[in-house]
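A short write-up of the structure that comes next.
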Amino acid sequence: MTPAHTLSQAEQFERDAKFEDAVLAYAGILARNPKNARALQALDSLRGRLREQREPSADTKAELEAALAAGRPFEAADSCGALLKTFRESHFLWDFLGRCHLAAGHLDNAATCLNKACGIDAKEAGTYAAMGQVHMARGQLENAVALYRKALALDADCLLALRSLAEALPLQGRSTEAAAALHRAVALAPGDAALHLTLAGLLQKLGAVEEAEDHYTRAVGLQPELAEAQFQLGLLLKAGGRPADALPCFDKILRASPSDDRARTQRLHVLAELCDWRWVQEYEEYRRLLGLRSSGCDPSALMVMEDNPDLLRVRAQAYASEVFPEVEPQTAPPAPQRPERLKAGYVFSARDAEDVLSHHAAIFAAHDRSRFEVFAYATGPGLAEETAATLRSSVSCLRILDGTSGGAAAVKADGLDIAVDLSGYCGGNRSGLFSARLAPLHIAWPGYPGTMGTAAFDYLLSDSTTCLPGSERYHNEHLLRLPDSCLAVTAAVAASGAERADFGLPEAGFVFCSFAPASQITPQEFGIWMRLLCSTPDSVLWLLDYGAHAVSNLRRAAAARGVDPDRLVFARPAERTEHLARLALAGLCLDTFTVNASAAARDALAAGVPVLTLPGQQFAARTGASLLQAAGMPELIADSAEDYEAKAAALAADPEACAAIKRKLRERQQDAPLFSAARCARQIESAYDAAYDQFLRGVPPSHLSLSGTQTPQG
């Protein structure tokens, strides 16, 4: 555009009484040519005419706000600066310029401008709210909250203050107050989809799942293209055991953005949960880049799709870069020698509490209390009071954290020596609690069976079966290998009275079972299982009831392989005691391959049911073998898929052999390492001592393997 044309346009603005536009146009000309006499004279004249006006017009303000909202703070600031030469006492312009600097991260300039705005109008609530945001950006939380409250004292309906206060309060452990602020904001702006999304996320963390679902739904109703709302709604429905309802959420995102890897990962995992094996081909189409571009993807969902520990580590690292964006470094030893009692804190998601109670509480209780003080931390909602009471009896102290920011401070206050994460990424857990240095040593205990992909953890508790020599490269953490399994099983009391007919099982015939999660069953295992049914007359396959969609898909898959769908028997949900009692009716538990059915395998072994496994490469594909080695039952570890099928067929065809291996398992429950929580606790304590000793000596973490005599071996 030529200078003459720009000058002509400025003059036209002036003739049309668009004085602010004319000021900006003349200012632009002078920025390029400060000696342009016509522009100088015109601008001086205009400013004289506008001198008595304190504020620009509503249209000009709207244009400036639109530029800032569109993510153009520098352009908006330039226009604002030009107008301030005319409207020098404009509260709006000083406030707006401060917000531009805030958006650009220029905090000192933002504070200067906002202070000027406050001097012009000390009763404008929005300016105090913006000042609060400056303090938040500087990490001055208390000052920020005080300014937000001052803004709300001036105007109880100040949306900026309500939004910002709701962001700050959870950092002080006051999430309920934050939710109240957001409820007020939503009432003031019911058509704001982003507000509904923010409120839904906070409600979900507080355990108000139904209300959270309502606000996610309202957000996507108001703004269907709001992908984050669709994504979070899908995750909520999936976590609530409604995968069929979750699927459309991810599909809507992918229709608009086919390269959205987060949504693709969840769609594939939902299909796996529905036993809809279309995911296999779809995964092949996208696997090369999945989880390695744009946003990181949930490794716990990706690990079921491929047994490739090198690829899983890279994907975990991409995910971890978002969950743990900054990691506090290890601190110096607080004392030159080991304290009389090491403080060990176990951190887990509250929704995993039942599993923690079933498989870890006995180890907590077995810790040597003369040498260890045991803390437990349940994060997020959903911890039943009965479960909490039982956990309290196993530890020195149980603390319940609400899952929002601020939990790290509560953990740090206990002065832990070792912090242990039991949940990892299970179920998409995104707790970044371990970004903070909760204790001198951070250890991952594989509730999530794989690397966390971050420097936030010093060690991964493992054993020589789950992590063979040479597998170190698969993990960001240093391996802390126990002599036996890194898991333990408490044998169930033999129960009587369980009848086959009570659980839909035939009176006669061999019962194969697999109570693995539906997502872990792939066409490979299922094909073997169907051949076993074909080769074993009158046998049945006993599975969990995964819901109508998955059951229907499995029945169709059986029919397609020439098996009567009625030979698949689906077990209804049951309390753990009842479940262990009914499990004893099975003849053989069949493990899954890519991700072993670790919890289901532990339950089967506890109930005295042999487990047949085929170890793979990744940690998650080797937990079954680890359990069987520690149980003294290595003959149940197959060498290949063919061997797996042959071993299962032989046991099913030979009642005496099957009875003998069940008797052996019952005998092993009395003396094998797997069935001694006390032995496991001693080995874990030795591992903690070895790692902590290196820390005290100033030696960086390194791979450590404990021998059978519990002596650390480098």
Side-chain angles (χ1 to χ4, degrees), residues 19-21 23-32 34 43-44 46-48 50-155 157-169 171-172:
F19 300 130
E20 289 94 342
D21 290 338
V23 166
L24 291 174
Y26 287 131
I29 294 168
L30 291 170
R32 294 187 295 272
L43 185 57
D44 185 60
L46 259 181
R47 285 175 172 162
L50 293 172
R51 194 162 289 127
E52 294 185 4
Q53 273 186 239
R54 295 177 61 87
E55 298 285 349
S57 68
D59 287 346
T60 297
K61 291 179 180 180
E63 289 172 6
L64 291 173
E65 293 284 12
L68 181 57
R72 305 196 307 270
F74 297 107
E75 175 189 324
D78 285 344
S79 298
C80 184
L83 288 168
L84 272 169
K85 292 179 181 178
T86 301
F87 304 103
R88 298 187 181 187
E89 295 301 311
S90 167
H91 170 273
F92 169 83
L93 290 176
W94 283 111
D95 176 272
F96 181 81
L97 188 57
R99 289 186 283 124
C100 287
H101 285 304
L102 178 61
H106 302 155
L107 301 183
D108 289 343
N109 290 341
T112 299
C113 294
L114 292 169
N115 277 323
K116 175 69 173 177
C118 283
I120 294 170
D121 186 349
K123 295 184 178 181
E124 180 55 52
T127 304
Y128 290 102
M131 284 284 286
Q133 291 185 316
V134 173
H135 284 274
M136 273 290 287
R138 288 172 167 167
Q140 299 164 345
L141 180 59
E142 291 186 7
N143 289 345
V145 170
L147 285 162
Y148 298 146
R149 294 201 183 283
K150 182 167 185 176
L152 290 170
L154 291 167
D155 179 3
D157 294 344
C158 179
L159 271 176
L160 179 60
L162 289 167
R163 285 177 189 264
S164 302
L165 186 64
E167 177 187 344
L169 288 173
L171 299 175
Q172 297 181 324

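- The distance from atom CG of Leu147 to atom CD of Gln140, rounded to the nearest 0.5 Å, is 9.5 Å.
- Enclosure of atom NZ in Lys150 is not indicated, since only 12 or fewer non-hydrogen atoms of other residues, nucleotides or ligands lie within 6.0 angstrom.
- The two residues Leu102 and Ala130 make their nearest non-hydrogen contact at CD2-O, 4.1 Å.
- Rounded to the nearest 0.5 Å, atoms CG (Leu114) and NE2 (His101) are 9.5 Å apart.
- Tyr128 meets the ring pair (Phe, Tyr, Trp, His ring centres under 6.0 Å) test with no other residue; sequence neighbours excluded.
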Practice prompt. Let me see the working for Asn115 and Met131 under side chain to side chain contact (heavy atoms under 4.5 Å, CB included), right down to the final yes or no.
Written response: CA-CA 8 Å; Asn115 277 323; Met131 284 284 286; 3.2 Å; yes
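- Using modelled atom types and a 3.5 Å distance limit, the side chains of Thr127 and His91 yield a donor-acceptor pair.
- In this structure, the side chains of His135 and Val145 stay at 4.5 Å or more apart for every pair of heavy atoms.
- For the pair Leu83 and Leu64, the minimum side-chain heavy-atom distance is below 4.5 Å.
- With sequence neighbours excluded, the residues satisfying salt bridge (Lys or Arg N to Asp or Glu O under 4.0 Å) with Glu65 are Arg99.
- Ala122 and Leu154 make their closest contact through O-CD1, 4.1 Å (heavy atoms, listed as atom of the first residue, atom of the second, distance).
- Atom-to-atom distance recorded for Glu89:CD and Ile120:CD1 is 5.0 Å, nearest 0.5 angstrom.
- Nearest heavy-atom pair across Ala67 and Ala76 is CB-CB, 4.0 Å.
- Closest approach of Pro56 and Ser90 over heavy atoms only: CD-OG, 3.8 Å.
- The OG atom of Ser79 lies 9.0 Å from the CZ atom of Arg72; values are rounded to the nearest 0.5 Å.
- The SG atom of Cys158 lies 7.5 Å from the CD atom of Glu124; values are rounded to the nearest 0.5 Å.
- Under 4.0 Å is where a charged nitrogen must lie from a carboxylate oxygen, and between Asp108 and Arg138 at least one such pair does.
- Expressed to the nearest 0.5 Å, how far SG of Cys100 lies from CG of Leu68 amounts to 4.5 Å.
- Side chains of Met136 and Leu171 form a contact here, defined as non-hydrogen atoms less than 4.5 Å apart.
- Formation of a donor-acceptor pair under 3.5 Å by the Trp94 side chain with backbone atoms of Arg88 is found in this model.
- Residues Tyr148 and Ala161 come closest through the heavy atom pair O-CB, 3.9 Å.
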